[in-house]
**Q** 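After the structure tokens below, expect a handful of questions from me.
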Amino acid sequence: MSTVQQPLATASDSLLCRMLDKLTAFQALLIEEQDAIRSLSFGQFTSVTMRKTHLLDEIRELEQQRRTRPSSTASLAPSLVLEQQEADLIAAIGQTDRLNRFNAALIGQSLEFLQGTLRLWQRSPQSGALYSSSGSAVAESGGRARAKG
């Protein structure tokens, strides 16, 4: 390998490593997101979503750099290290996709649960007695509900 070609290959290696690191960090956020969904922690979910958005922007930037990288390294015989990095990156992309799809299904299940619970509360005779039409708390006295305030 010539000295001109070597820095390009090294830059590609570095770029693939950074992309893999970002994807691994994204996977960790997806796992944290699962915890937030399962516990219905909307604050944690919002925080994770903001961090995911930021990290996704960084991944897109690295992908843009990869696409605009000079193609002179394509004429070189691919190194084993580069091939392994590309294989690792492809595997990480697949794992990230699976985690993301799982989280989407988990969100769907959580929404169904919340909607079902809301429907139960709306049909329950006790839930109607909790608040008056003005939104004031209703106190129960002797079997009758009376609006306060």
Side-chain angles (χ1 to χ4, degrees), residues 1-138 148-149:
M1 183 182 294
S2 77
T3 55
V4 173
Q5 293 170 336
Q6 188 174 1
L8 290 176
T10 303
S12 293
D13 293 349
S14 173
L15 185 60
L16 290 176
C17 283
R18 287 186 295 160
M19 289 178 79
L20 185 57
D21 288 345
K22 297 290 182 186
L23 277 173
T24 302
F26 196 82
Q27 289 172 4
L29 286 176
L30 288 171
I31 291 168
E32 186 179 338
E33 182 179 62
Q34 288 173 15
D35 294 337
I37 295 166
R38 285 184 177 122
S39 65
L40 298 177
S41 174
F42 300 111
Q44 181 185 10
F45 183 79
T46 301
S47 171
V48 169
T49 300
M50 290 185 334
R51 289 182 285 151
K52 278 178 32 186
T53 301
H54 178 70
L55 196 52
L56 191 56
D57 289 342
E58 291 177 18
I59 292 169
R60 285 184 179 127
E61 176 62 31
L62 289 172
E63 175 60 13
Q64 185 63 32
Q65 289 175 26
R66 187 191 67 78
R67 287 176 185 240
T68 59
R69 181 135 334 262
S71 61
S72 61
T73 58
S75 63
L76 301 173
S79 72
L80 293 177
V81 171
L82 188 58
E83 286 179 356
Q84 184 59 52
Q85 287 177 338
E86 288 174 346
D88 292 346
L89 188 60
I90 290 168
I93 291 169
Q95 177 64 17
T96 303
D97 182 57
R98 284 186 291 281
L99 285 168
N100 194 50
R101 288 177 190 272
F102 179 78
N103 287 10
L106 201 56
I107 289 170
Q109 290 172 352
S110 295
L111 286 174
E112 286 177 25
F113 168 76
L114 291 171
Q115 288 171 341
T117 302
L118 182 59
R119 280 192 295 274
L120 285 174
W121 272 94
Q122 288 171 338
R123 281 190 246 146
S124 171
Q126 292 89 8
S127 69
L130 294 176
Y131 297 96
S132 70
S133 61
S134 66
S136 302
V138 176
K148 287 185 175 180

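In what follows, residues are counted from 1 in the order of the sequence shown. Reckoned from all heavy atoms, side chains included, excluding hydrogens, waters and symmetry mates.
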**Q** Working to the nearest 0.5 Å, report the span between OG of Ser110 and CZ of Arg38.
**A**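 Between Ser110 OG and Arg38 CZ, I get 9.0 Å after rounding to 0.5 Å.
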**Q** Treating Asn103 as the side-chain partner and Glu33 as the backbone partner, does any N or O pair qualify as donor plus acceptor under 3.5 Å?
**A** no
**Q** About how many Å separate OG1 of Thr46 and CZ of Arg51, when rounded to the nearest 0.5 Å?
**A**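 With rounding to 0.5 Å, CZ (Arg51) is 11.0 Å from OG1 (Thr46).
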**Q** Can Leu40 and Leu114 be said to form a side-chain contact (heavy atoms from CB on, under 4.5 Å), step by step?
**A** CA-CA 10 Å; Leu40 298 177; Leu114 291 171; 3.9 Å; yes
**Q** Quick one: do Val48 and Lys52 satisfy side-chain contact (heavy atoms from CB on, under 4.5 Å)? Show the steps, please.
**A** CA-CA 6 Å; Val48 169; Lys52 278 178 32 186; 3.9 Å; yes
**Q** Looking at side-chain heavy atoms only, is the closest gap between Gln85 and Val81 below 4.5 Å?
**A** yes
**Q** Indicate whether the side chain of Gln95 and that of Arg98 have a donor and an acceptor atom separated by less than 3.5 Å.
**A**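 Indeed, the side chains of Gln95 and Arg98 share at least one donor-acceptor pair under 3.5 Å.
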**Q** Hey, could you give me the CZ/CD1 distance between Phe102 and Ile37, rounded to the nearest 0.5 Å?
**A**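 Between Phe102 CZ and Ile37 CD1, I get 8.5 Å after rounding to 0.5 Å.
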**Q** Please answer whether the main-chain N or O of Ala92 pairs with a side-chain N or O of Thr96 as donor and acceptor at a distance below 3.5 Å.
**A**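 At least one qualifying donor-acceptor pair exists.
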**Q** Applying side-chain contact (heavy atoms from CB on, under 4.5 Å), run through Glu86 and Leu82 and close with a yes or a no.
**A** CA-CA 6 Å; Glu86 288 174 346; Leu82 188 58; 4.1 Å; yes
**Q** Walk me through it: do Asp35 and Phe45 pass the test side-chain contact (heavy atoms from CB on, under 4.5 Å)?
**A** CA-CA 9 Å; Asp35 294 337; Phe45 183 79; over 6 Å; no
**Q** Go through the steps for Arg18 and Asp21 under the test salt bridge (charged side-chain N to carboxylate O under 4.0 Å, His left out), then give the verdict.
**A** CA-CA 5 Å; Arg18 287 186 295 160; Asp21 288 345; over 6 Å; no
**Q** Quick check: do Leu23 and Met19 have side-chain heavy atoms less than 4.5 Å from each other?
**A**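 Leu23 does not reach Met19 side chain to side chain.
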**Q** Do Arg66 and Glu63 sit within salt-bridge range, that is, some charged N less than 4.0 Å from a carboxylate O?
**A** yes
**Q** Rounded to the nearest 0.5 Å, what separation is found between the CG atom of Leu55 and the CE atom of Met50?
**A** 13.5 Å
**Q** Kindly compute the distance separating CD (Gln64) from CD1 (Ile59), expressed to the nearest 0.5 Å.
**A** 14.5 Å
**Q** Measuring from atom CD of Gln34 to atom CG of Leu29, what distance do you get when rounded to the nearest 0.5 angstrom?
**A**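 Interatomic distance, Gln34 CD to Leu29 CG, rounded to 0.5 Å: 11.5 Å.
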